[in-house]
Protein chains: 2
Amino acid sequence: MLNIGDVAGQGGVTVETLRYYEREGLIEAPDRDANGYRKYAPEVVRQIQFIKRAQDVGFTLKDIKELLSLKADPGASCRDVRARAEGKISEMGEKIVMLQRMKAVLADWAAACPDAGPVDQCPILDALDQETEGHHGSR
Amino acid sequence: MLNIGDVAGQGGVTVETLRYYEREGLIEAPDRDANGYRKYAPEVVRQIQFIKRAQDVGFTLKDIKELLSLKADPGASCRDVRARAEGKISEMGEKIVMLQRMKAVLADWAAACPDAGPVDQCPILDALDQETEGHHGSR
DNA sequence: GTAACCCTTGAAGTATACTTCAGGGTCAAG
DNA sequence: CTTGACCCTGAAGTATACTTCAAGGGTTAC
C-alpha cells in the first residue's frame with residue numbers, strides 16, 4: 001500500500017493533483033489508514049498514467065472521466081470509445097485549420113512589414129485597422 | 001457621441017465586454033455625461049474592431065494591449081510590431097504541430113478499433129493503459 | 001526528542017475572457 | 001406619469017486544471 005506521496009512520485013503528478021482528481025471523481029477515494037492517511041493500491045499509479053496519457057493525446061479531464069466510465073462499464077462497446085476519439089479528432093482538425101488560417105494571415109502581414117520604419121506605417125497595424133474588409137471568415 | 005449600447009451594437013460586442021475592456025485598460029475610460037453615462041467618440045467603434053480583428057488572428061487581450069501601446073508610441077518601430085506577430089506565428093506553429101501529432105496518434109488508435117466488441121478489448125483504451133511504451137515524446 | 005518531512009482539511013488563488021447578478025438610477029414614448 | 005429600454009456599480013460566477021495557503025497532526029532518522 002502506498003502513501004499519496006508515493007503515488008504522486010511514481011505517477012508523475014503532485015499530491016495536490018491526486019487529491020484534486022479524487023475530488024473530481026477521476027480516481028476513487030482510497031481507504032484511509034488509522035492516522036487518516038490515504039492508502040493506495042499500486043494499480044492506482046497506472047490509473048494516473050492512463051489519465052496523463054489521455055491528456056497527452058488531447059482529452060480533457062471531463063472527457064477522461066467519460067472514458068473511465070466506459071472502461072468500467074461491461075455493457076459499453078468499443079464503438080463508444082471510438083466515437084469519443086473521433087469527436088476529439090475532428091475537434092483537433094478544426095483547431096488546426098483555424099490556427100493555420102490565422103497563422104497564414106499573420107505571416108502575410110509580417111512579410112509586408114519592413115523591419116524598420118515607424119509604427120504609423122506598419123502594415124500589420126494597418127491591416128488590423130482595416131474596415132471590415134479582408135475579413136472573409138463568415139462566422 | 002455614442003452611448004455604450006451604440007458602441008456595443010456597432011462594434012459587435014456587448015456592453016459588459018466594453019466595460020470589461022475599459023477595466024482592463026484596452027480602451028480608455030471615456031468622459032461621462034451629467035447622468036454618469038459613458039459618452040464615446042465614434043472612433044471607439046474602430047478601436048473595438050481593431051481588438052476583435054487582433055483576436056481573430058490569435059492575439060490575446062494581453063498581446064493586444066501591447067500592440068495598442070506600440071501603436072500609440074511614436075518612438076516604436078514597425079519591427080516591434082513585427083516581432084509580436086512573429087512570436088505569435090511560431091507559437092501557433094508549435095500548437096499546430098502538437099495538435100497534428102495528437103490527432104495522428106488518436107487516428108491510428110481509432111483505426112485499430114473495431115466498431116463492435118466490448119470495451120475490455122478496445123485498442124484505444126489498451127493504448128492508454130500501456131506502460132510508458134509507445135510514448136515517443138521526449139518531454 | 002527534535003528536526004525534517006509526510007499527511008490532513010477547506011478555502012482561496014491563477015490565467016483567460018468574459019458573463020451574470022443584485023440593486024438601483026435615467027430616458028424616451030405614449 | 002408610467003412603462004420599458006437603457007445606464008450605473010461592485011462583486012461573484014463560468015470553464016479548465018490545477019496550485020497555494022493556512023493551520024495543524026503524524027512519522028522517521030539520528
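Below, read A as the first sequence line, B as the second, and so on, with proteins coming before strands; counting in each chain starts at 1.
If you check every strand for non-hydrogen atoms under 4.0 Å, Arg19(A) touches a base. If you check every strand for non-hydrogen atoms under 4.0 Å, Arg23(B) touches a base. Among the atoms of the strands shown, only primed sugar atoms or phosphate atoms (P, OP1, OP2) are found under 4.0 Å from some heavy atom of Gln55(A).
Nearest nucleotide to the side chain of Asn3(A), out of dT19(C), dC7(C), dT9(C): dC7(C).
Lys39(B) has its NZ atom 14 Å from the P atom of dC6(D), to the nearest Å. What separates OH of Tyr20(B) from C1' of dT16(C) is a distance of 6 Å, to the nearest Å. When the C1' atom of dT16(C) is taken as reference, atom CD1 of Ile51(B) falls 15 Å away, rounded to whole Å. Separating the CD1 atom of Ile4(A) from the P atom of dG26(D) is a distance of 18 Å, rounded to the nearest angstrom. Rounded to whole Å, the distance from CG on Asp33(A) to P on dG25(D) is 19 Å.
Side-chain contact between Ile51(B) and Leu26(B) is present, with heavy atoms from C-beta onward closer than 4.5 Å.
Tested against Asp129(B), the residues Gln49(A), Arg53(A), Lys71(A) include a single side-chain hydrogen bond (donor to acceptor under 3.5 Å, both in side chains) partner, Lys71(A).
Residue Asn35(B) places at least one side-chain N or O under 4.0 Å from the OP1 or OP2 atom of dC27(C).
Cation-pi geometry between Lys65(B) and Phe59(B) is not satisfied (NZ or CZ under 6.0 Å from the ring centre, within 45° of the ring normal).
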Can you give me every donor-acceptor pair (side chain of residues 8-22 of chain A, partner residue at least two apart or in another chain, under 3.5 Å) with its distance?
from: Thr14(A); atom 1: OG1; to: Glu16(A); atom 2: N; distance (Å): 3.4
from: Thr14(A); atom 1: OG1; to: Glu16(A); atom 2: OE1; distance (Å): 3.3
from: Thr14(A); atom 1: OG1; to: Thr17(A); atom 2: N; distance (Å): 3.1
from: Thr14(A); atom 1: OG1; to: Thr17(A); atom 2: OG1; distance (Å): 2.9
from: Glu22(A); atom 1: OE1; to: Arg38(A); atom 2: NE; distance (Å): 2.8

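Judged by closest nucleotide on DNA chain C, Val15(A) is the one of Thr17(B) and Val15(A) placed further toward the 5' end.
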